[in-house]
There are 2 protein chains.
Amino acid sequence: MDHKTRCENCIVRQFNSLRAMTKEELKRVSDSKLMKTVKKGEALFEEGEKLNGVYCVRDGVSKLSKLSANGKDQIVKLATKGEVMGQRSVIVEESANLSAVAVNDMEVCFIPKEAIINTLHSNPDFTYEVLRHMAHHLKEADDVIVNMSQKTVKQRIAEAFLYLKHNYGDDDEGYLLLTLSREDIANVVGTATESCIRIISEFKKKGLLKSSGKKLGIVNEKGLQDLADGF
Amino acid sequence: MDHKTRCENCIVRQFNSLRAMTKEELKRVSDSKLMKTVKKGEALFEEGEKLNGVYCVRDGVSKLSKLSANGKDQIVKLATKGEVMGQRSVIVEESANLSAVAVNDMEVCFIPKEAIINTLHSNPDFTYEVLRHMAHHLKEADDVIVNMSQKTVKQRIAEAFLYLKHNYGDDDEGYLLLTLSREDIANVVGTATESCIRIISEFKKKGLLKSSGKKLGIVNEKGLQDLADGF
DNA sequence: GATTTTATATGATAATTGTCAGTTTTTCGA
DNA sequence: TCGAAAAACTGACAATTATCATATAAAATC
């Protein structure tokens, strides 16, 4: 087993609350964890499922979504390298509120809940760190609520592209490194797939976006930003 | 100073994370806290403001809202007796993300952040309890996101009334105990005030709601529920 | 490489929701 | 109790967005 498989040496840990664990706690996590690869489109867990642990993302991206009554999947959040999924459910001992599906091929570590819960009760630094992350997610969620209700679909799509660029970057030709299907983008901004496609076409015509095969790129970032801000 | 002003004896504490504090910690909180009355319409704090502590609601209701670019206030949450406001900002040491304005006359206790922060670092039970509450709010926020993007204005208004009845109750004649203005309801569901008024009128015509002066009451709860569920 | 499936695209139309303008009603302070 | 201000209401219309139908392009499968 090479060193990359030990949590103690995992860079990913720097981004999440596991960094507040003691050496011994981390050793316990590392000994009990299970590495998994998840192929694009596969589910890590489904809404309503009881989770026996959390998933730490080593590589790839997962969408966290919830099925609405009208049969559409609303994507609430994208989880990336370093993020821990399923924390909330484990902490409050409820079944999962969201489904997690891989957007591209992923590498994750499954950490059984015991290794987490024990530390939560004994190491206040760790608990505090988890709390800080949760507080950050709550702020983000509140902001999403405001955007959802106060911005138009066009503004939200513009924002989505800016988000993708800032969080996942683009290649040397200016194409986004994370490619989402039009349907996924529609499910992020909460609109119909057709409306989403139409607006992306419009953005291309206006010289805000460009495309090459499946890839999409931002041409005029300032223009998109102005649009998102309502100008 | 009568016993009701001591946190140790405050019933409200049962509903929030303060119940996980030790006697000594609670004493410190109680000694440093400041009781305030806030009149309807007055702000407890504003978005962007640095908070020096948290507010524990003893009585009354506050709306937590955020101003959007188009000048509208989106109400993200209502905070009631027992809830603690401003926790998030104090924990992550950021300025407030939301404004808090009293919906009716309120009685709150201001607790300086020192009394909270110290305990967060030393008492894992308390930290865990705060974490549990935050996790609960995060789930609620995720659900709001899904509703906002997947339900129609009509459905969201129906839901809002059911929410008001279930969380604040109604009097013996069936009128809601918490009366919000049409504008506030519109800002909760994220729609224009005129649209909100129109739909409420429609609900009254259909025998789903009734009104008497400022008061509104639910006549046909099942009907409202069916509507909210999309039937 | 042909074929089936899936994703993207576009048009036509309907439904929903917002905006503006104006009226009526209620509230509240002088 | 009067009068101003705020809240509730209504109509007409415009803008946004969803839905349905269908076409084309791309990807996956055999």
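Numbers restart at 1 for each chain; the letters A, B, ... are given by sequence-line order, proteins then strands.
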Ser211(A) and Lys204(A): side chain donor to acceptor below 3.5 Å
yes
What is the distance, rounded to the nearest whole Å, between atom NZ of Lys205(A) and atom P of dA9(C)?
10 Å
Residue mapping more 5' on DNA chain C - nearest nucleotide basis, Ile199(B) or Ile197(A)
Ile197(A)
Ring centres of Tyr55(A) and Phe45(A) under 6.0 Å apart?
yes
Using heavy-atom distances to pick each residue's nearest nucleotide on DNA chain D, tell me which of Gly213(A) and Cys196(A) is more 5'.
Cys196(A)
For Thr152(B), answer base if it contacts any base atom (sugar-phosphate contacts may also be present), sugar-phosphate if it contacts only those atoms, and nothing otherwise; contact means non-hydrogen atoms under 4.0 Å.
sugar-phosphate
In whole angstrom, what separates Glu194(A)'s CD from dA15(C)'s P?
17 Å
Check the distance between dA26(D)'s P and Glu183(A)'s CD and give it to me in whole angstrom.
19 Å
Taking only N and O in the side chain of Ser201(B), is any of them less than 4.0 Å away from OP1 or OP2 of dT10(D)?
yes
Is the side chain of Asn187(B) donor-acceptor paired with the backbone N or O of Ile75(B) at a distance under 3.5 Å, no angle test?
no
Considering just the side-chain nitrogens and oxygens of Ser195(B), establish if one lies under 4.0 Å of OP1 or OP2 belonging to dG18(C).
yes
With a cut-off of less than 4.0 Å, is there a side-chain N or O of Lys72(A) near OP1 or OP2 of dT19(D)?
yes
Side-chain H-bond candidate by donor/acceptor type, Glu159(A) with Asn147(A), under 3.5 Å
yes
Taking the minimum atom-to-atom distance to the side chain of Ser181(B), which one of dC20(D), dA8(D), dA21(C) wins?
dA8(D)
Whole angstrom is fine here: how far is it from NZ in Lys154(B) over to P in dG18(C)?
13 Å
Can a donor-acceptor pair be found between the side chains of Glu221(B) and His166(B) at a distance below 3.5 Å?
yes
Mapping Thr191(A) and Lys214(A) to their closest nucleotides on DNA chain D, which lands nearer the 5' end?
Thr191(A)
In whole Å, what is the span from the NZ atom of Lys215(B) to the P atom of dA8(D)?
14 Å
Please confirm whether any donor atom in the side chain of Arg198(B) sits under 3.5 Å from an acceptor in the base of dG11(D), or the reverse.
yes
Atom pair distance, as rounded to whole Å: CD in Gln150(B) and P in dT17(D):
14 Å
Please report the distance, rounded to the nearest Å, between NZ in Lys40(A) and P in dA27(D).
10 Å
Glu202(B) CD to dC9(D) C1': how many Å, rounded?
15 Å
